[in-house]
Each structure stands twice: as C-alpha cells, then as structure tokens.
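Naming convention: chains lettered A, B, ... in sequence-line order (proteins, then strands); numbering from 1 in each chain.
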There are 2 protein chains.
Amino acid sequence: MQKTSPPVQDYLKTIYELTREGRPASTNAIAERLRLQPASVTGMLQRLAARQPPLVTYRKRHGVQLTPAGRRVALEVIRHHRLLETFLVEKLGFRWDEVHEEACRLEHVISERMEERIAAVLGDPLFDPHGAPIPRADLTLPQREELPLTQVPGGSRIRILRVPDDDPALLRRLDALQLRPGTEARIRTQSPLEAVVTLEVAGRPPIPLGYPVGALVFVEVLS
Amino acid sequence: MQKTSPPVQDYLKTIYELTREGRPASTNAIAERLRLQPASVTGMLQRLAARQPPLVTYRKRHGVQLTPAGRRVALEVIRHHRLLETFLVEKLGFRWDEVHEEACRLEHVISERMEERIAAVLGDPLFDPHGAPIPRADLTLPQREELPLTQVPGGSRIRILRVPDDDPALLRRLDALQLRPGTEARIRTQSPLEAVVTLEVAGRPPIPLGYPVGALVFVEVLS
DNA sequence: TACTCTATTTAGTCTAGACTAAATAGAGTA
DNA sequence: TACTCTATTTAGTCTAGACTAAATAGAGTA
Ligand SMILES: [Mn+2]
Ligand SMILES: [Mn+2]
Ligand SMILES: [Mn+2]
Ligand SMILES: [Mn+2]
C-alpha cells in the first residue's frame with residue numbers, strides 16, 4: 001500500500017461507497033459527501049489518476065472508479081474505521097452516535113500493528129455497531145443478503161441488519177425507537193405512493209419511516 | 001484551547017521539554033529533536049509567536065519559551081501521549097518499545113471525550129509505562145523527587161522511576177537488563193571521570209551504563 | 001440545427017509547512 | 001579593535017490541498 005494522506009484516504013473511501021452499484025462516482029456527488037467545492041474535487045481526481053500506480057480511473061466529465069490499488073486503500077481505511085467504531089463502543093463505552101467522527105480521524109493514523117491488536121481484542125468482529133460489514137485482514141468482505149426497508153413487501157417479518165452511521169441525531173432517534181441491528185419487526189404497511197413504510201415492533205406503537213430514511217435501513221426478510 | 005495542527009502541537013511539546021530547566025529552547029535544539037532544518041524551525045517560531053494569542057515568546061537569536069497558552073496546549077498533548085502509551089501497553093498488549101511512535105500520531109487526533117474515556121478505563125494513572133508523569137485533566141503534573149543516575153553517590157540504594165521513551169532499541173535493552181520503573185538496585189560505582197555508573201541488581205552481574213544513557217534514567221535514592 | 005442549462009473543468013490564488021542557498025549577528029579570540 | 005566561526009535568519013522555492021470566478025462540454029429541448 002503506497003503512502004496516502006488523510007484527505008486522499010477520505011476521497012478513496014467516498015468513491016468506494018459511491019461506486020458500490022458499479023457506476024462511476026460523479027464530481028458533484030463526491031464534493032457533496034466530503035463538503036468540498038466541486039473544483040477542488042476535480043483537482044484531486046486528476047492527481048489520484050496521475051499517481052503511480054493510479055488510484056482511480058478518471059474520464060473527464062464521466063466520473064471516476066477505483067483501480068485495484070485504490071480499492072485496496074479504500075478497504076484498508078474502511079477496515080480501520082469499522083474496527084475503531086466497534087472498539088470505541090465495546091471497550092471504551094462510547095455511544096453508537098459518538099463514534100463515527102472519532103473513527104474518521106483515527107482511521108488515518110493507526111498502524112497495521114494497532115489494527116491487528118484491536119481486531120484481536122474484539123475477536124475479529126465481522127460487523128460494526130451499525131451493522132456495517134468489516135473487511136477482513138485480507139480485505140474480503142463478509143457477504144449477506146440485505147434489502148432496504150423500502151423494498152420489503154408489507155406484512156413481512158424482518159430483522160434489522162444495518163443502519164447508517166454518519167448521522168448522530170438519526171442514530172439517537174433509532175436507538176430510542178429500539179431500531180437497532182438485531183431488532184425484529186413486522187412491516188405493517190409499505191406505501192410507495194406516500195413514501196412511508198410502517199414498522200411494528202413487539203407490541204409497541206407502529207413506527208412510520210419516510211423513504212429517505214427507510215432506504216438507508218437494511219434488513220433481512222424472515223417470512 | 002485554540003485549534004492547532006499536528007506539526008504545531010509537536011513543536012510545542014518539544015519546546016516544553018527543552019525548556020524544563022527554565023532556559024529558552026534554541027532553534028537548533030528544536031530542529032534536531034524534530035529532525036527538521038533550522039531554517040524551517042525559524043519560520044515556525046515566527047508563526048507561533050505571531051498567533052493570537054501567542055503560543056511562544058520569541059526573541060530573535062535568543063530562543064523561545066512557551067506562553068501560558070502554549071504551555072496549556074503542550075500539556076494537553078503530553079497528557080494524550082502518555083495516556084495513549086499507557087493504554088496501548090495495558091489494554092492492547094503493546095510492548096513498551098512500540099508505543100511512542102504510535103502515540104505520537106494518535107495524540108493529535110483523539111477527542112477530549114476519548115481522552116476522558118481512556119483515562120477512566122485506566123483508573124486515572126499518574127505515570128506512563130516509562131515512568132513519565134501524566135498531566136492530570138486540569139493539566140497539573142504529579143510531582144516527585146527524581147535524580148539522574150549520574151548524580152547518585154556510589155553505594156546508594158536506588159529505585160528506578162523513569163527511563164527515556166523515544167528509543168526503541170534502548171528500551172528493549174533496558175527491558176532485557178530488567179532496568180524498568182520500580183526496579184531496585186545498588187550503585188556499585190559512580191565514576192564521573194570514566195563517565196560510567198555501574199548498577200547491581202539482586203545478585204545479577206553488574207551493569208555498567210555510560211553517562212549519555214545514565215543521564216536519561218531517573219531514580220529515587222532509598223538509602 | 002441552434003439554444004439552454006447544468007455539471008464539470010480551467011485558471012488563478014492562497015496557506016501551512018517543509019526545503020536549499022546565501023546572508024548575517026554577535027560571542028569569543030587574536 | 002578587527003577577525004573568525006557558528007548559530008540563526010532571510011530570501012526564495014516547492015507541494016498538497018483547499019478556494020473563487022469564469023469558461024465550457026454536452027445532454028436535452030425548442
Ligand atoms: Mn462510520
Ligand atoms: Mn477520515
Ligand atoms: Mn512517548
Ligand atoms: Mn506527535
């Protein structure tokens with residue numbers, strides 16, 4: 001792994017996430033995620049593509065994809081991030097809404113040795129506190145079937161697998177509603193036209209979620 | 001505490017250590033410790049002195065001292081550093097020769113929240129694995145009588161309090177010789193002319209230490 | 001086929017923090 | 001009182017990574 005700066009690592013991580021569905025990441029999408037000006041992103045993309053070896057393939061006005069070298073860096077940083085989040089929650093008593101920002105700074109400076117020690121004391125976890133998969137030391141990802149809550153038919157029984165990690169206010173709200181990885185629920189109604197999915201958790205009052213939120217909550221269908 | 005970059009924090013930490021005996025730190029001494037060119041240090045000292053509030057008082061060709069604001073930043077970073085070293089050894093199973101470099105990167109990015117959590121799980125330790133005092137949350141330092149090994153009269157019984165933290169090879173050697181904080185020994189000979197102090201630890205063969213090393217090992221005199 | 005609009009790029013700046021090479025202050029010596 | 005030597009400073013560069021303002025490619029529309 002060539003030496004990369006924290007900004008470069010955050011770009012690669014963002015591009016990794018934006019290209020999960022196979023299509024190149026756009027300049028503006030990257031700029032929005034990283035809260036930078038699009039012009040700054042264009043400059044960085046050109047530098048990432050010009051590195052030896054190149055970390056992205058960049059086609060002007062068509063967006064970027066990661067090269068194998070870029071993907072390795074991204075997965076390495078994501079492994080750091082998710083191990084750190086898990087460690088902060090499990091061993092240091094952080095709440096799950098406090099860890100993302102801390103992990104986003106620490107992920108760039110921990111050594112491979114520290115990564116290895118953290119993984120060891122946690123017992124090589126495969127998922128972080130938000131249910132996101134933690135790349136293994138060989139950078140492979142644990143696979144499983146996930147569906148966004150917005151795509152599950154009404155009436156299904158589901159188990160929550162994963163929630164978004166970067167919005168502390170939402171995380172506190174989900175926690176208060178007991179919507180955490182592992183929680184089982186029934187889809188009471190699925191209403192694409194109103195863009196609302198309503199959950200029912202063990203006799204508690206029904207919980208309506210709008211699609212912008214529901215699309216970020218991933219579940220497995222139990223029946 | 002105003003926002004300070006990692007380089008600025010390392011400068012302030014270094015200046016703190018170089019000015020422990022009250023005299024200003026010289027440009028060259030700082031450059032040597034940080035492995036930078038003296039010209040680069042001059043530039044930084046001018047910037048540190050020009051900040052609002054100033055972090056150092058800088059008299060051209062006479063060296064720098066920390067202002068109260070600069071001292072606060074230095075102590076805050078030193079607290080991070082020493083808590084981290086302790087945590088890495090106690091909770092993550094690092095050896096004492098591995099932690100300095102790791103702590104020197106992490107010290108700049110952990111939040112006050114994380115500092116607080118680490119201190120809590122460690123039980124608010126007052127000394128790090130090398131015996132260095134850890135500034136308390138209010139930035140006061142635990143005080144105690146320390147003498148460099150080179151200044152203890154021959155024949156004295158001593159207990160090792162503190163060893164230098166930044167030389168991994170020396171730390172491994174000291175560990176192999178069982179010269180660690182807490183170890184008790186007798187000064188077999190103190191020879192300023194030959195610049196050697198010889199220690200005797202519990203029936204093991206005598207251990208001669210040259211003054212460049214002896215001056216960095218601090219002890220308390222038992223009798 | 002020309003026009004419009006938006007996403008993106010280009011051009012030019014700025015800052016922090018490093019560097020090298022050359023100048024110089026001033027302590028100590030002749 | 002002038003000279004020498006070393007530590008330090010000055011002057012000028014460079015790089016990464018940000019910014020703003022202006023230009024433009026090219027998809028979609030008239
Ligand atoms: Mn996160
Ligand atoms: Mn980050
Ligand atoms: Mn240290
Ligand atoms: Mn440091």
Side-chain angles (χ1 to χ4, degrees), chain A residues 1-15 18-19 23-65 69-70 73-74 77 104-105 107-109, chain B residues 1-15 18-19 23-65 69-70 73-74 77 104-105 107-109:
Chain A
M1 177 158 145
Q2 57 182 308
K3 215 193 268 150
T4 48
S5 66
V8 163
Q9 292 177 10
D10 280 336
Y11 273 94
L12 294 172
K13 211 171 51 147
T14 301
I15 295 166
L18 290 172
T19 54
R23 294 207 313 287
S26 75
T27 298
N28 276 7
I30 297 166
E32 192 176 348
R33 286 278 194 120
L34 293 173
R35 294 152 180 264
L36 299 173
Q37 294 302 316
S40 308
V41 173
T42 299
M44 178 60 96
L45 296 183
Q46 291 168 345
R47 265 173 277 137
L48 293 176
R51 285 178 78 122
Q52 228 33 261
L55 296 174
V56 301
T57 55
Y58 171 55
R59 287 181 52 226
K60 203 172 278 191
R61 300 192 140 81
H62 289 266
V64 278
Q65 308 228 255
V73 175
V77 177
C104 198
R105 278 178 282 108
E107 64 193 0
H108 311 293
V109 303
Chain B
M1 178 157 144
Q2 56 181 310
K3 217 192 270 152
T4 48
S5 65
V8 164
Q9 291 177 9
D10 279 336
Y11 272 94
L12 294 172
K13 210 173 50 149
T14 301
I15 295 166
L18 290 171
T19 54
R23 295 206 313 288
S26 75
T27 299
N28 276 7
I30 297 165
E32 191 176 349
R33 287 278 195 117
L34 293 174
R35 295 152 181 262
L36 299 173
Q37 294 302 315
S40 308
V41 173
T42 299
M44 178 61 96
L45 296 183
Q46 291 169 346
R47 265 173 276 138
L48 293 176
R51 287 177 78 121
Q52 228 31 260
L55 296 174
V56 301
T57 54
Y58 171 56
R59 287 180 52 226
K60 204 174 277 191
R61 299 192 140 83
H62 288 266
V64 278
Q65 308 227 255
V73 175
V77 177
C104 199
R105 277 177 283 108
E107 65 193 0
H108 310 293
V109 303

Worksheet, complete the sentence: Closest non-hydrogen contact found for B/Tyr11 with B/Val41 is OH-CA, 3.9 Å

In a table with atom names and distances, give each donor-acceptor pair under 3.5 Å that connects a side chain of residues 26-40 of chain A to protein atoms at least two apart or in another chain.
residue, atom, partner, partner atom, Å
A/Ser26, OG, A/Ala29, N, 3.1
A/Arg33, NH1, A/Glu17, OE1, 3.3

Response to the item:
First and last nt of DNA chain C near chain A, cut-off under 4.0 Å to heavy atoms, 5' to 3', are C/dA7 to C/dT10

Practice prompt. For the residue pair B/Cys104 and B/Asp10, establish whether any side-chain heavy-atom pair is separated by less than 4.5 Å.
Written response: yes

Worksheet entry | Pairs satisfying salt bridge (charged side-chain N to carboxylate O under 4.0 Å, His left out), at least one member in residues 36-62 of chain A, at least two apart | none

Item to complete: Just do the side chain to side chain contact (heavy atoms under 4.5 Å, CB included) check on B/Val56 and B/Ile15 with the steps written out, would you?
Response: CA-CA 9 Å; B/Val56 301; B/Ile15 295 166; 4.1 Å; yes

Fill in: Backbone of A/Thr4 reached by a side-chain donor or acceptor of A/Gln9 within 3.5 Å
yes

Discussion item. Working to the nearest 0.5 angstrom, can you tell me the gap between B/Leu48 CG and B/Thr57 OG1?
Written reply: 11.0 Å

Worksheet item: Checking side chain to side chain contact (heavy atoms under 4.5 Å, CB included) for the pair A/Leu55/A/Leu12: CA distance, chi angles, key distance, verdict?
Response: CA-CA 8 Å; A/Leu55 296 174; A/Leu12 294 172; 4.0 Å; yes

Worksheet entry | Contact residues, residues 49-61 of chain B to DNA chain D [heavy atom, < 4.0 Å] | B/Tyr58, B/Lys60, B/Arg61

Practice prompt. List for me each residue that meets side-chain contact (heavy atoms from CB on, under 4.5 Å) alongside B/Pro54, sequence neighbours excluded, and say none if there are none.
Written response: B/Gln52, B/Thr67

Discussion item. Pairs counted only when both distances fall under 3.5 Å, Watson-Crick or G-U: show me the 5' to 3' dot-bracket for DNA chain D, [ ] for pseudoknotted crossings and | for other-strand partners.
Written reply: ||||||||||||||||||||||||||||||

Discussion item. Tell me which residues in residues 32-41 of chain B lie within less than 4.0 Å of DNA chain D, going by non-hydrogen atoms.
Written reply: B/Pro38, B/Ala39

Worksheet, complete the sentence: For B/Pro24 and B/Gly63, the nearest pair of non-hydrogen atoms, with its separation, is CB-C, 4.0 Å

Item to complete: Remember a base hit wins even if backbone is also touched, and classify A/Thr27 as base, sugar-phosphate or nothing at under 4.0 Å, heavy atoms.
Response: sugar-phosphate

